[in-house]
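In what follows, every chain begins at residue 1, and chains take the letters A, B, ... in the order their sequences are listed.
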Protein chains: 2
Amino acid sequence: MARKTGSHADITGPRVRAAALQLFARHGYAAVSMRQIAAEVGVQAGALYLYTPDKQALLFDLMRAHMREVLDRWRDEPKGLSPGERLDAFTRYHIRFSLDRPEAVFVSNMELRNLTPEHFAQIEAMRRSYEDELEAILVAGRADGTFRLEDSKLAALAIIAMLTGVTGWFRSGGRLSRDRVEQVYRGMVRGAAGSA
Amino acid sequence: MARKTGSHADITGPRVRAAALQLFARHGYAAVSMRQIAAEVGVQAGALYLYTPDKQALLFDLMRAHMREVLDRWRDEPKGLSPGERLDAFTRYHIRFSLDRPEAVFVSNMELRNLTPEHFAQIEAMRRSYEDELEAILVAGRADGTFRLEDSKLAALAIIAMLTGVTGWFRSGGRLSRDRVEQVYRGMVRGAAGSA
DNA sequence: CTTCAAACTGAACGACTGTGCAGTTACACT
DNA sequence: AGTGTAACTGCACAGTCGTTCAGTTTGAAG
């Protein structure tokens with residue numbers, strides 16, 4: 001049961017990553033066995049090692065891919081010119097991105113402690129550089145008087161924590177639409193930044 | 001090696017809970033074995049079962065005790081009369097409480113998915129009642145014009161997420177003192193609530 | 001000194017863990 | 001039809017898991 005049409009389309013590799021992501025998100029990295037992942041893909045456990053050197057690499061690849069996408073897509077985002085507009089764009093971007101990939105966000109936030117020290121350092125660096133993106137907006141806005149805040153590093157961390165929390169309770173089809181959630185958070189983030 | 005002075009002071013039970021809390025916080029519930037906990041206490045694995053029926057109950061007891069303390073101590077807290085003062089009190093309380101018990105906060109936030117459905121429902125109910133405490137403040141403040149916010153339920157969740165994030169980065173002896181952190185967050189929380 | 005129960009050990013249980021590997025299957029290409 | 005090779009199975013290994021329990025140690029009470 002190998003090889004699909006058109007040369008050798010790698011279809012199982014992505015399926016392994018998708019299954020691992022879903023299971024890690026639902027039960028946690030440590031609580032998921034390679035055999036469970038394999039069963040989800042419809043394959044025996046040994047076959048997973050054609051696509052990953054080990055379980056740890058599976059987690060790391062998932063998290064690295066997610067963080068890369070977070071950073072890359074933010075760079076591609078059209079940005080407003082004023083700090084206020086840029087903050088709004090950040091809010092909207094973070095919420096949309098998080099709601100589009102709830103499992104990846106969840107895993108990336110929860111499984112940091114299950115990375116080896118080397119892997120942790122790499123993910124942590126990407127995470128920090130994302131925080132720096134927001135902090136730069138806050139610093140610019142404080143400089144030109146748009147924001148009134150006491151500590152821009154703290155504010156960046158607080159705002160990201162607030163935004164990431166959305167994935168914890170949002171249910172599509174629930175009381176609030178995505179647009180409404182974005183709108184409400186835009187107001188709260190502006191408020192937290194001391195924007196007029 | 002049993003029995004200390006003064007009748008039969010139960011000293012090992014608390015030590016088991018303390019060790020479990022620390023290890024669960026550091027490595028995660030699923031990644032910690034009963035043998036590791038036992039080693040930390042200085043006892044063989046089997047002896048743990050004198051103090052807990054099983055591993056799951058150990059986690060649940062830890063989380064229930066934490067949530068009970070969160071709720072009880074908040075009820076004992078002297079509260080201001082105005083919604084603004086009450087919001088400030090909540091901010092200060094949540095940060096102080098979290099920084100005093102970082103491991104318990106961490107475990108209570110991270111290990112929800114490792115609870116059995118019955119245990120999860122109980123913890124979730126306590127968590128919701130804590131959120132309701134904050135929401136009541138926000139509703140009152142919106143009614144009397146102190147706060148300007150679009151959705152008080154969302155605001156409660158957002159503010160709690162923001163405050164709980166503190167435990168993720170705060171290091172005592174770091175750049176900021178506790179008092180300073182409380183002060184900065186007071187301003188951001190007020191801002192997020194749309195307070196003048 | 002004897003009695004008794006609580007505290008604890010040490011070994012065992014069946015099940016499960018991540019990982020390796022010899023052998024099998026199935027398809028693309030000649 | 002034959003060949004090569006990527007994909008995959010099925011079993012094995014050496015550990016570890018949570019949990020149980022018969023037996024030992026302990027220290028206080030009588």
If I take atom [atom1] in residue [X] and atom [atom2] in nucleotide [N], what distance separates them, rounded to the nearest angstrom?
X       : N      : atom1 : atom2 : answer
B:Gln44 : D:dT25 : CD    : C1'   : 14 Å
B:Lys55 : D:dT16 : NZ    : C1'   : 12 Å
B:Gln56 : D:dC17 : CD    : P     : 18 Å
B:Leu50 : D:dT24 : CG    : C1'   : 14 Å
A:Leu48 : D:dT9  : CG    : C1'   : 12 Å
A:Tyr49 : D:dC11 : OH    : P     : 18 Å
A:His27 : C:dT17 : NE2   : P     : 12 Å
A:Leu23 : C:dG18 : CG    : P     : 12 Å

Exercise. Under 6.0 Å from the six-membered ring centre of A:Tyr49 and within 45° of its axis: does the NZ or CZ of A:Lys55 meet both?
Worked result: no

Problem set entry | A:Lys79 charged N/C atom sitting above A:Trp74 aromatic ring, 6.0 Å / 45° | yes

Ignoring backbone atoms, establish whether [X] has a side-chain N or O less than 4.0 Å from OP1 or OP2 of [N].
X       : N      : answer
A:Tyr51 : D:dC8  : yes
A:Thr12 : D:dC8  : yes
A:Ser33 : C:dT17 : yes

Problem set entry | Toward the 5' end of DNA chain D, by each residue's nearest nucleotide, A:Arg35 or A:Gly46 | A:Gly46

For this session: Return the 5'-most residue of the pair A:Met34, A:Ala47 with respect to DNA chain C, ranking by each residue's nearest nucleotide.
Result: A:Met34

Exercise. Looking for any heavy atom pair under 4.0 Å, which part of the strands does A:Val32 touch: base, sugar-phosphate only, or nothing?
Worked result: sugar-phosphate

Problem set entry | Side chain of A:Val43 - closest among D:dC8, D:dT19, C:dG10 | D:dC8

Problem set entry | B:Phe24 vs B:Ile37 side-chain heavy atoms within contact, under 4.5 Å | yes

Exercise. Should A:Phe90 and A:Ile160 count as side-chain neighbours, where that means a heavy-atom distance under 4.5 Å?
Worked result: yes

Seminar exercise, completed: Across all chains, not counting sequence neighbours, the salt bridge (Lys or Arg N to Asp or Glu O under 4.0 Å) partners of B:Arg73 are B:Glu69

